[in-house]
Asker: 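Sharing a structure here in structure tokens format.
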2 protein chains.
Amino acid sequence: MKNFFHLNARSGVPMYLQLKEQIKTAVAGGALRPGDQLPSVRELAVALTVNPNTIARAYNELERDGLLIAEQGRGTFVSEKEPLLKEEERHTQIKSLINKVLIESYNLRITAEKLNAIWEERLKAWKERLRNVQKGDGE
Amino acid sequence: MKNFFHLNARSGVPMYLQLKEQIKTAVAGGALRPGDQLPSVRELAVALTVNPNTIARAYNELERDGLLIAEQGRGTFVSEKEPLLKEEERHTQIKSLINKVLIESYNLRITAEKLNAIWEERLKAWKERLRNVQKGDGE
DNA sequence: ATAATTGTATTAATACATTGATACAATTTG
DNA sequence: CAAATTGTATCAATGTATTAATACAATTAT
């Protein structure tokens with residue numbers, strides 16, 4: 001399996017968190033699809049020259065979040081199930097993230113109008129990407 | 001001065017970070033306006049039953065970000081200046097935050113359409129709030 | 001069956017972040 | 001000018017997070 005991932009031991013960000021982010025991005029970007037198998041804990045540990053526990057921790061937390069499924073003896077896969085949280089909870093989570101954007105935007109002196117323009121631009125790019133993913137070219 | 005702030009020592013989130021968030025929210029929400037003086041390091045430390053250094057750290061980091069201005073012997077105030085970062089950098093920062101929203105939204109199985117609906121609702125509420133702040137009723 | 005491969009659990013070493021105690025420095029107030 | 005008030009700096013104590021070493025358990029492959 002091709003290896004999307006790369007860790008920086010001196011970035012300040014814990015390596016297991018770096019990996020989590022990269023997996024989430026790979027799934028959201030279509031590079032990893034539901035059902036896909038991830039590298040084994042040991043294989044990836046060797047490739048990234050890090051302790052297997054570091055990989056396991058990232059996998060574990062993403063399983064807890066419902067994004068991955070780990071099966072002992074078989075491997076770890078991108079989940080094909082619905083997320084664990086109820087729709088309302090998921091909306092609450094997104095609203096909270098959006099609030100952070102609004103507050104940060106205000107403190108950066110970005111007007112609501114400019115912010116909305118940026119939003120529309122990013123969302124459009126995102127939708128375009130989703131279309132391409134559906135056609136099959138993941139990343 | 002009325003005290004907007006409250007800290008939870010056992011929340012897992014460091015208290016100086018809790019305070020930073022609350023100050024940023026208070027500024028963005030209009031409860032604190034440019035030029036307003038914040039409680040002194042000691043005064044707030046007593047009110048929140050925490051070490052003065054904890055308050056000072058939050059103030060310091062927000063000053064480094066350009067949100068506050070501290071003057072020895074005088075006090076700490078909400079900045080009236082423009083932010084330190086260039087416009088392009090500020091836009092980059094917001095785009096990065098928006099990207100996080102998009103990725104998280106995808107992994108939560110929220111459609112782009114639904115996400116946009118939530119965005120428009122939140123933005124509308126935010127604009128409404130900004131209008132009220134301009135009229136003077138901060139918080 | 002046995003070996004190999006996978007994820008899991010336990011424990012420990014280490015570094016770092018957080019908070020506090022205390023003293024210092026600049027400005028304002030009387 | 002002296003006292004009070006403000007932010008700043010330094011140092012130490014402590015807890016916690018991160019990573020690693022190692023052994024265990026389940027499944028698959030031979």
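Owing to the predicted nature of the structure, the values given are computational and were not obtained by experimental measurement. Chain letters run A, B, ... following the sequence lines, proteins first, then strands; residues in each count from 1.
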Asker: May I ask you to check whether Gln18(A) and Ser11(A) show a side-chain donor-acceptor distance below 3.5 Å?
Answerer: yes
Asker: Taking atom types as they are modelled, is there a donor-acceptor pair under 3.5 Å from the base of dG7(D) to the side chain of Arg74(B)?
Answerer: no
Asker: Tell me the interatomic distance from Asn53(B), atom CG, to dA21(C), atom P, rounded to whole angstroms.
Answerer: 10 Å
Asker: Rounding to a whole Å, what distance do you find between Glu61(A):CD and dT8(C):C1'?
Answerer: 15 Å
Asker: Grab the CG-C1' distance between Leu44(A) and dT5(C) for me, whole Å please.
Answerer: 16 Å
Asker: Could you please name the option among dT18(C), dT19(D), dA26(D) that lies closest to any side-chain atom of Gln72(A)?
Answerer: dA26(D)
Asker: Where each residue is assigned the nucleotide of DNA chain C containing its nearest heavy atom, which of Pro52(A) and Pro14(B) is assigned the position nearer the 5′ end?
Answerer: Pro52(A)
Asker: Between Glu71(A) and Gly75(B), which residue's closest nucleotide on DNA chain D lies nearer the 5′ terminus?
Answerer: Gly75(B)
Asker: What is the distance, to the nearest angstrom, from the CG atom on Leu68(B) to the P atom on dT6(D)?
Answerer: 16 Å
Asker: Give a yes/no on whether any side-chain N or O of Thr76(B) is located under 4.0 angstrom from OP1 or OP2 of dT6(D).
Answerer: no
Asker: Any carboxylate oxygen within less than 4.0 angstrom of a Lys/Arg side-chain nitrogen, looking at Arg57(A) and Glu61(A)?
Answerer: yes
Asker: Salt bridge or not for Glu128(B) and Arg131(B), using N-O below 4.0 Å?
Answerer: yes
Asker: Using whole Å, report how far CG of Leu19(A) lies from P of dT18(D).
Answerer: 14 Å
Asker: Counting side-chain heavy atoms from C-beta on, which of dG20(C), dT18(D), dG7(D) comes nearest to Arg57(A)?
Answerer: dT18(D)
Asker: Taking the side chain of Tyr59(A) as heavy atoms from C-beta outward, which of dG7(C), dT8(D), dA21(D) is closest to it?
Answerer: dG7(C)
Asker: Whole-Å distance between dT16(D) P and Tyr16(A) OH?
Answerer: 15 Å
Asker: Give the rounded distance in Å between these two atoms: CD1 of Ile55(A) and C1' of dA20(D).
Answerer: 13 Å
Asker: Take atom CG of Asn60(A) and atom P of dT18(D), then tell me their distance rounded to the nearest Å.
Answerer: 14 Å
Asker: Between dT6(C) and Ser40(A), is there an OP1 or OP2 to side-chain N/O distance shorter than 4.0 Å?
Answerer: yes
Asker: I want to confirm an ordering. Mapping Arg42(B) and Thr49(A) to their closest nucleotides on DNA chain D, which one lands closer to the 5' end?
Answerer: Arg42(B)
Asker: Among the nucleotides dT8(D), dG20(C), dT18(C), which one has an atom lying closest to any side-chain atom of Val50(B)?
Answerer: dG20(C)
Asker: Picking from dT19(C), dG7(C), dT18(D), which would you name as closest to the side chain of Thr54(B)?
Answerer: dT19(C)
Asker: Does Glu87(A) come within less than 4.0 Å of Arg109(B), counting only side-chain N to carboxylate O?
Answerer: no
Asker: Between Asn99(A) and Trp126(B), do the side chains contain a donor N or O and an acceptor N or O under 3.5 Å apart?
Answerer: no
